[in-house]
A.B. asks: 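The following block contains the structure, expressed as structure tokens.
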Amino acid sequence: MNEIYQQWLSSPKLTLSEKKSIKSLTKQEQMVYFSAESMSFGTAGVRGKMGMGTMRMNRFTYANLAQAYAKYIVHTYGRDKSIVVGHDNRLNSAKFAKLAAEVLSSFGIRVLLFAKNQLMPTPIVSYAIRETKSVGGLIITASHNPKEYNGFKAYRNDGAQILPPIANLIEKQLRKAFDILNTTYRAQPNLVSFLTNGIIDKYFKDAQRVLNKKELIEKKRFPVVLTAHHGTACKLLPKFLKLLKFNIKPVHAQMFYSPTFINSPISNPEDIKSFDLSIVQANKIKSDICIGVDPDADRMAVCIKHLGQWRLMTGNEMGIIYTYYVLKHKHFTKTPYIVSSYVSTNLIDKIAKFYHAKVYRTGTGFKWMGAKISEIDNKESFVVAFEEAIGALNTTINRDKDSFTASALALEIYHIYRQRKMDFVDILEQEIYPIYGHWFGKTVSYKYDVLNWKPLVLNKMNLLKHYHAKMIGNWTIKKNIWNKVGDCLEWHLQNNSWIKFRMSGTEPKFKIYYNLYGSSQNQLINQYNELDILFRKILGV
């Protein structure tokens, strides 16, 4: 018998409707959702499905997470310090943000919510932490996860997400599973105040600095289709891009707040299916470019029409283009540097070497990249931080992925090359690959829709760790090593190519990352297809 489940079922703190919901759970769901384990921080905070239980996101687990974070803040900085709290458009997000604010205030911490507790894009929350000189921040969001999920992202005083040492300290302050229902607090409303929308105006002003050739932008009038998938950027991103004189054509069916993502069955712009409505509109108005951002507005992807076919640009491809364009056109007084993850393309290393720039590698997730940027600070000149799974940071005004500045710079580059009748694919294939080498990158995700998915995925990883063959297809496996810092398995191949493997830290996925060099794009695509078939056989998928 699950004692924790019985405790919740008999507790007077749960409503009849909440008790009814947990009575409907299967035995396996009872075991997983009412586990004796504690919640833990993953790649980007704590995420889980909403609902009752010690391992789901609800008013009890949020209060537990908020009090643990508050104890860390008080221990580290003392009381009477400020924390910024923001949230996305999901069900209960506004309510959970208010709850977190009340818990924080009960510890004597001053809480800054946004005007009327309105939802707010992640990059602006990160910016606000720095701008208000707060000692940290919280965002109630599950980013691009399905609508059933929510999350708890904690930030440092530099606007970057917390790293494992801080996460571990917070986790130690969490109440044990048997004690979660006993979390109590006494809110101090006088310690909760609201930022004005002037913080957004200031962010817009500072974010414009991302443009390298602002004087040329005034001449553009090409239509840009934009979707924000019912999320936090619905109103603010069109406003920002129109301020920069871009001709924005919103996909109205997906540009209003909806907690259930009513017209966006897929809200992750890493998936080309998320652009279905955008492409329909683009074809209708004769636009050749679409921009899509995820619900909390940190991730941005670009989809373009190239040679009559729609093509989704990957995070690696845009990272290569940002690196090349900025290094080529911007004047630096200090050594320029790029930050990227171990599973992202190494083609940027060749570009960086040509321009006497540095590349810093981190673990997967912007918590590592934001921390690296703060560590370097003003000693060197920032170029870009990006990861293969789409998402980039193009300025240092904040410390998390930023769809606003990424969109602005992407549209500047698109505009400059459009005048030469070139698009993003042409930049890669006509300017970059001929000089730095023909490269092909691909990330393949295998999703496991089972409750207890981690052991299953660990078995796949162990299988590849102990893969003893010297070849995979036509590729020689020169090294098979575990990258502890990158938290991934690496197969080093010939010609600076590699394949890497990693468990997702936010979703039940096993990922394979391909980074291949050869004599032509067609050759590389064919070789990738052969490898994909082989790995499906090896992994049994």
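One-based numbering along the sequence shown.
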A.B. asks: Check this for me, if you would: do R156 and D158 make a salt bridge, where the nitrogen-to-carboxylate-oxygen distance has to be below 4.0 angstrom?
C.D. replies: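 Judged by the 4.0 Å cut-off on N to carboxylate O distance, R156 and D158 do form a salt bridge.
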A.B. asks: For salt bridge (charged side-chain N to carboxylate O under 4.0 Å, His left out), just list the numbers for R209 and D206, CA-CA rounded to whole Å, side-chain angles, deciding distance to a tenth of an Å, and then say yes or no.
C.D. replies: CA-CA 6 Å; R209 298 203 304 264; D206 289 345; 3.3 Å; yes
A.B. asks: For the ring pair Y414 and F222, is the centre-to-centre distance below 6.0 Å?
C.D. replies: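 Yes, close enough.
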A.B. asks: Does D532 come within less than 4.0 Å of R536, counting only side-chain N to carboxylate O?
C.D. replies: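 Yes.
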A.B. asks: Apply the side-chain contact (heavy atoms from CB on, under 4.5 Å) test between V293 and each candidate in T232, D298, I390, L237; give the one that qualifies.
C.D. replies: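 With V293 as partner, side-chain contact (heavy atoms from CB on, under 4.5 Å) holds for just one option, L237.
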A.B. asks: Would you tell me whether T345 and W439 have side-chain atoms, one donor and one acceptor, within less than 3.5 Å of each other?
C.D. replies: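 A pair is found: one side chain offers a donor N or O, the other an acceptor, under 3.5 Å apart.
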A.B. asks: How long is the gap from CD on Q161 to OG on S126, to the nearest 0.5 Å?
C.D. replies: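 Result: 8.5 Å between the selected atoms.
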A.B. asks: Classify the angle between the aromatic ring planes of Y324 and Y436 as parallel (below 30°), tilted (30 to 60°) or perpendicular (above 60°).
C.D. replies: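 Perpendicular: the ring planes of Y324 and Y436 meet at over 60°.
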A.B. asks: Applying ring-ring contact (aromatic ring centres under 6.0 Å, His included) between W491 and each of F535, W498, W482, report the one that passes.
C.D. replies: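 Exactly one pass, corresponding to F535.
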A.B. asks: Please report whether the ring centroid of Y513 lies less than 6.0 Å from that of F501.
C.D. replies: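 No - the distance between ring centres of F501 and Y513 does not fall below the 6.0 Å cut-off.
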A.B. asks: Strictly under 6.0 Å, is that where the ring centroids of F386 and Y322 end up?
C.D. replies: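 For F386 and Y322, the ring centres are not under 6.0 Å apart.
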A.B. asks: Hey, are R90 and D88 close enough for a salt bridge, meaning a charged N less than 4.0 Å from a carboxylate O?
C.D. replies: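 Salt bridge flag = yes for D88 with R90.
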A.B. asks: Per the side-chain hydrogen bond (donor to acceptor under 3.5 Å, both in side chains) rule, which among T122, N268, D402 passes with R299?
C.D. replies: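 With R299 as partner, T122, N268, D402 yield a single side-chain hydrogen bond (donor to acceptor under 3.5 Å, both in side chains), made by N268.
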A.B. asks: Could you tell me which non-hydrogen atom of T335 sits nearest to which non-hydrogen atom of E380, and how far apart they are?
C.D. replies: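 The pair with the smallest heavy-atom distance is O-CB, 3.2 Å.
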A.B. asks: Which residue, R502, K401, R361, K367, forms the salt bridge (charged side-chain N to carboxylate O under 4.0 Å, His left out) with E387?
C.D. replies: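 With E387 as partner, salt bridge (charged side-chain N to carboxylate O under 4.0 Å, His left out) holds for just one option, K401.
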A.B. asks: Is there a donor-acceptor pair closer than 3.5 Å between any side-chain N or O of S274 and the backbone N or O of D271?
C.D. replies: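 Yes, S274 side chain to D271 backbone: donor-acceptor pair under 3.5 Å.
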A.B. asks: Quiz question: by atom type and distance under 3.5 Å, do the side chains of K305 and N283 form a donor-acceptor pair?
C.D. replies: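 Side chains of K305 and N283: pair found under 3.5 Å.
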A.B. asks: Going by distance alone, is a donor N or O of one side chain under 3.5 Å from an acceptor N or O of the other, for N212 and H329?
C.D. replies: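 Side-chain D/A pair, N212 to H329: absent.
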A.B. asks: Ignoring hydrogens and geometry, is there a side-chain-to-backbone donor-acceptor pair from Q254 to N263 under 3.5 Å?
C.D. replies: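 Side chain of Q254 to backbone of N263, a donor-acceptor pair under 3.5 Å: yes, one is there.
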A.B. asks: Is there a side-chain contact between I481 and H492, using heavy atoms and a 4.5 Å cut-off?
C.D. replies: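 A side-chain contact under 4.5 Å exists here.
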A.B. asks: Would you say that L539 contacts L464 through its side chain, given a criterion of any heavy-atom pair below 4.5 Å between the two side chains?
C.D. replies: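 Heavy-atom side-chain distance check passes, below 4.5 Å.
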A.B. asks: Ignoring hydrogens and geometry, is there a side-chain-to-backbone donor-acceptor pair from E530 to Q527 under 3.5 Å?
C.D. replies: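 No; zero donor-acceptor contacts below 3.5 Å.
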A.B. asks: Would you mind reporting whether I289 and L411 have side-chain heavy atoms less than 4.5 Å apart?
C.D. replies: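 Sidechains of I289 and L411: in contact.
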A.B. asks: Mind checking whether F510 and Y448 have side chains closer than 4.5 Å, heavy atoms only?
C.D. replies: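 Yes, close enough: below the 4.5 Å cut-off.
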A.B. asks: State yes or no: are the ring centers of Y203 and F404 separated by less than 6.0 Å?
C.D. replies: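 Judged by ring-centre distance (under 6.0 Å), Y203 and F404 do meet the cut-off.
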A.B. asks: Is it the case that over 12 heavy atoms from other parts of the model lie below 6.0 angstrom from the NZ atom of K328?
C.D. replies: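 Counting other residues, nucleotides and ligands, NZ of K328 exceeds 12 neighbours.
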A.B. asks: Got a salt bridge between E388 and K442, using NZ or NE/NH1/NH2 to carboxylate O under 4.0 Å?
C.D. replies: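 Judged by the 4.0 Å cut-off on N to carboxylate O distance, E388 and K442 do not form a salt bridge.
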A.B. asks: Could you point out which residue of I272, L226, V225 forms a side-chain contact (heavy atoms from CB on, under 4.5 Å) with S278?
C.D. replies: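 Exactly one pass, corresponding to V225.
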A.B. asks: One thing to verify: whether D426 and R420 come together as a salt bridge, which I'm taking to mean a side-chain N less than 4.0 angstrom from a carboxylate O.
C.D. replies: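 Result for this pair is no, no salt bridge flagged.
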A.B. asks: Take a 6.0 Å sphere around NZ of K379 and say whether it holds more than 12 heavy atoms from other residues, nucleotides or ligands.
C.D. replies: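 Result for NZ/K379: enclosed.
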A.B. asks: Hey, is E148 close enough to K49 for a salt bridge, meaning N to O under 4.0 Å?
C.D. replies: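 The answer is no: the pair does not qualify as a salt bridge.
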A.B. asks: Are E490 and K479 ion-paired here, with the side-chain N under 4.0 Å from a carboxylate O?
C.D. replies: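 No, this pair does not count.
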